[in-house]
Amino acid sequence: AEESARVALSLKRLFPNPWEQLTRHYKPGDVVSATITDIMRFGAFARMDEGVEGLIHVSELSWGRVRHPADVAQVGDKLYAIVLQVDKERARIALSLKRMHPNPWETAEELYKPGQIVPAVVTSIVHFGAFARLEEGLDGLIHSSELLASGQPGGSSRRVEEGQAVQVRVLNVDATRQRLGLSLKLSDGDTS
């Protein structure tokens with residue numbers, strides 16, 4: 001066992017640590033071409049041109065809400081990503097897909113005002129309401145109370161489905177917290 005440990009140590013000395021080369025080759029901010037190789041709940045692995053894999057964490061896939069990485073990327077997808085970090089000690093490269101695009105929250109408060117009626121697409125149904133996308137990366141919540149018709153006792157829920165195009169009224173925009181409140185009631189007295 002001691003002899004095999006010495007042989008392994010000698011072999012390590014013969015060949016340069018590939019991570020030494022990678023830290024020189026890849027720098028934070030570099031744009032790299034990559035292919036998605038695996039999708040996990042926490043993100044997507046992507047192989048870069050030199051054969052090394054990096055991770056696009058689920059939080060770096062889109063500026064918008066991502067339920068599962070498979071909603072954004074598929075194995076085999078070819079894409080460009082930005083290098084966030086090269087960690088030589090942990091042998092990891094962190095990549096970002098969302099930073100290839102401007103952050104839509106930076107202009108959300110200028111573009112969307114309370115009371116404005118805008119088109120949206122329902123992206124997911126949750127027990128407390130539904131999420132709808134105004135534009136790529138900009139998702140808002142239609143709270144369950146904003147799905148109810150106000151003119152009936154107890155209200156009645158308006159059914160929406162994922163992928164459905166709807167008209168929504170903007171209730172509030174908080175770009176700092178990345179929160180967008182929406183309503184299916186197009187006016188305060190809406191009972192539809």
To the closest 0.5 Å, what do you measure between [atom1] ([X]) and [atom2] ([Y])?
X: Asp139; Y: Ser62; atom1: CG; atom2: OG; value: 7.0 Å
X: Ser183; Y: Leu147; atom1: OG; atom2: CG; value: 8.0 Å
X: Ile142; Y: Lys185; atom1: CD1; atom2: NZ; value: 12.0 Å
X: Leu79; Y: Ile36; atom1: CG; atom2: CD1; value: 4.5 Å
X: Ser144; Y: His127; atom1: OG; atom2: NE2; value: 8.5 Å
X: Arg133; Y: Arg65; atom1: CZ; atom2: CZ; value: 9.5 Å

Hey, is Asp87 close enough to Arg92 for a salt bridge, meaning N to O under 4.0 Å? no
Taking every non-hydrogen atom, the tightest pair across [X] and [Y]:
X: Val86; Y: Tyr26; value: CG2-O, 3.6 Å
X: Met48; Y: Gly54; value: CE-N, 4.1 Å
X: Ala73; Y: Ile39; value: O-CD1, 3.4 Å

According to salt bridge (Lys or Arg N to Asp or Glu O under 4.0 Å), does anything in residues 105-123 pair up with another residue at least two apart or in another chain? List the pairs.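 Sorted pair list comes back empty.
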Please determine whether side chain to side chain donor-acceptor pair (under 3.5 Å) holds for the pair Thr123 and Arg67, giving the CA-CA distance in whole Å, both sets of side-chain angles, and the decisive distance to 0.1 Å. CA-CA 10 Å; Thr123 55; Arg67 286 182 306 166; over 6 Å; no
Indicate, with yes or no, if Val168 and Phe131 share a hydrophobic cluster defined by side-chain heavy-atom contacts under 4.5 Å among Ile, Leu, Val, Met, Phe, Trp and Tyr. no
Joint hydrophobic cluster, Val58 plus Val83, side-chain heavy atoms closer than 4.5 Å: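 Yes, Val58 and Val83 fall within the same hydrophobic cluster.
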Test log, rule side chain to side chain contact (heavy atoms under 4.5 Å, CB included), inputs Glu60 and Leu97: CA-CA 6 Å; Glu60 290 296 329; Leu97 187 57; over 6 Å; no
Is there a donor-acceptor pair closer than 3.5 Å between any side-chain N or O of Lys98 and the backbone N or O of Ser59? yes
